[in-house]
Q: 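The structure is given below, and queries will be raised subsequently.
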Amino acid sequence: MTGVVKSLTGQQLVERREAIVLALGGDEDAARSAAETYTLDSRGQALVDELDDIDYLLEA
Amino acid sequence: VTTPSSIESQAESFATELTATVRALVPDCRPFEALVNLDRGDAAGRFSVRQYPETGIVLTVDGEPLLTLVVQFHCEIDSVGRYLAVHSSKIKVMAAGDAEPLLRYEFLRDAVGDMPSAHIQIHAHRDAFTYVMARAGERSDRGKRRSRRPVVPRLEHLHLPVGGPRFRPCIEDVLEMLVQEFGVDRPDGALQALRAGRESWRRKQIASVVRDAPEDAARVLRELGYDVHGPQDVLPADNIDRLQRL
């Protein structure tokens, strides 16, 4: 096996989410709007993608 | 030492397969990484998978970076709690250094309304497309022809794969797309007729796919509780060419 698995609890995912929003400047809506128009750099775009991953995993 | 849960094992397998697939093209690319929410347990298990570095895998032409590949999968155990299902996938191709994709292959299992569940989106208004096409490598016949053609590359010169011989879009897909995207006039009942036609076409394709890989079909039927026996004499061979063809 070469694939890597990172297993986090719901709480850890929430904390990671908060850290990502901070890294994006603290305004998630603004970051998502910028991502939609591709005005974020590739690092910012990747952080928004990671937010989507976490939201999917936390979804009820 | 803790034993990985079923969902962790499936996530690892999925990430491993993706890594192997991309390493066919980029042998030294870093492993794909799956993220699992431990609190969901196996029955409601979900995971996401993405490439590393998170900004994308660089694809080169003659050793020079030309394109970047970004891959994102969301997966979960299906409603009967048995099989792994892809909930959504995004495969984006960018010109190296750009954040905006040139094109996106996307799948949304639960696409809402008039959104095709599997689709390609092309960001064709951008000069970046012309740039990467003009720099096409010469290791393939098509790339060689493109790079040597004394004309400005045009988007129409690209042939985007859409599922191969068995899983290609049908004419009903194209017609419904014209209705949804361009508001083409339609009589009452047109969409229902197109959807019935699509169902008929896909059922025929299912029959064809079974003939391409009969042992796989028999295995799945057995898992569903059917009593399936192989032929008495010679087992039919898989149609490897059709299963592998782009």
Side-chain angles (χ1 to χ4, degrees), chain A, chain B residues 2 4-5 7-23 29-40 44-56 58 68 70-76 87-88 90 92 94-101 104 123 126 128:
Chain A
M1 290 282 186
T2 51
V4 174
V5 179
K6 186 191 284 184
S7 300
L8 299 179
T9 63
Q11 180 58 36
Q12 288 171 320
L13 287 167
V14 169
E15 289 166 7
R16 173 63 188 151
R17 197 184 191 293
E18 290 168 355
I20 292 170
V21 172
L22 273 181
L24 285 166
D27 186 340
E28 181 179 347
D29 290 342
R32 286 192 175 279
S33 294
E36 278 186 18
T37 53
Y38 301 103
T39 48
L40 288 177
D41 62 13
S42 53
R43 170 74 183 143
Q45 208 75 33
L47 286 172
V48 173
D49 285 346
E50 192 178 348
L51 278 183
D52 291 339
D53 289 344
I54 292 173
D55 287 348
Y56 171 68
L57 296 178
L58 290 173
E59 196 176 77
Chain B
T2 56
S5 65
I7 194 69
E8 287 173 305
S9 296
Q10 297 203 54
E12 185 177 15
S13 296
F14 196 93
T16 296
E17 282 183 26
L18 266 179
T19 304
T21 298
V22 176
R23 281 185 176 171
C29 86
R30 288 165 59 184
F32 278 67
E33 184 173 302
L35 183 61
V36 177
N37 180 352
L38 279 175
D39 293 349
R40 296 186 73 96
R46 284 184 172 189
F47 60 85
S48 63
V49 182
R50 63 201 316 227
Q51 86 295 324
Y52 274 84
E54 57 274 283
T55 49
V58 173
T68 307
V70 170
V71 180
Q72 183 180 37
F73 277 85
H74 290 170
C75 304
E76 61 197 42
H87 176 271
S88 68
K90 294 181 181 175
K92 296 188 275 192
M94 281 86 80
D98 262 6
E100 180 169 2
R104 294 181 279 149
H123 298 234
R126 306 180 61 239

Q: Any side-chain heavy atom of B/V70 within less than 4.5 Å of one from A/Q45?
A: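 Not touching, per the 4.5 Å side-chain cut-off.
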Q: In terms of heavy-atom pairs under 4.5 Å with chain A, which of B/L18, B/L35, B/T19 leads?
A: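 Among the listed options, the one with the most contacts to chain A is B/L35.
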Q: Could you give the distance from CD (A/E50) to CD (B/Q72), rounded to the nearest 0.5 Å?
A: 10.0 Å
Q: Where on A/L13 is there a heavy atom nearer than 4.5 Å to chain B: the side chain, the backbone, both, or neither?
A: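 The side chain, not the backbone.
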Q: So, taking the atom named CG in A/L58 and the one named CZ in B/R46, what distance separates them when rounded to the nearest 0.5 Å?
A: 10.0 Å
Q: Report yes if some heavy atom in the side chain of B/K92 is under 4.5 Å from a heavy atom in the side chain of A/D49; otherwise report no.
A: yes
Q: If every non-hydrogen atom of B/A11 is compared with every non-hydrogen atom of A/V5, which pair is closest and at what distance?
A: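 Looking at all heavy atoms of both residues, the closest pair is C-CG2, 4.2 Å.
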Q: To the nearest 0.5 Å, how far apart are NE2 in B/H87 and CD in A/E59?
A: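 Output value for this atom pair is 6.0 Å.
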Q: Contact between A/D41 and B/T55 at the side-chain level, heavy atoms closer than 4.5 Å - yes or no?
A: no
Q: I need the minimum non-hydrogen distance between B/A99 and A/S42, along with the two atoms involved.
A: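 Closest pair (atom of B/A99, atom of A/S42, distance): CB-N, 4.2 Å.
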Q: Within this structure, what is the CD-CG distance for the pair B/E100 and A/L40, rounded to the nearest 0.5 Å?
A: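 Taking CD in B/E100 and CG in A/L40, the distance rounds to 12.0 Å.
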Q: Who wins among B/R50, B/E76, B/M94, B/E54 for the most heavy-atom pairs under 4.5 Å with chain A?
A: B/R50
Q: So, does B/D39 use its side chain to make a donor-acceptor pair with the main chain of A/G10 at under 3.5 Å?
A: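 Yes.
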Q: Does any backbone or side-chain atom of B/R23 lie under 4.5 Å from a heavy atom of chain A? Answer side chain, backbone, both or neither.
A: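 Answer is side chain: those atoms of B/R23 sit under 4.5 Å from chain A.
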Q: Would you confirm whether A/Y56, through its side chain, and B/C75, through its main-chain N or O, come within 3.5 Å as a donor-acceptor pair?
A: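 Yes; judged by distance alone, with no hydrogens or angles, the pair exists.
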Q: Backbone N or O of B/L38 within a donor-acceptor pair of the A/T9 side chain at under 3.5 Å?
A: no
Q: Which atoms of B/S13 come close to chain A, meaning under 4.5 Å heavy atom to heavy atom: side chain ones, backbone ones, both, or neither?
A: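 For B/S13, backbone and side chain are both near chain A.
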Q: If you count heavy-atom pairs under 4.5 Å with chain A, which of B/V49, B/D98, B/V36 comes out on top?
A: B/V36
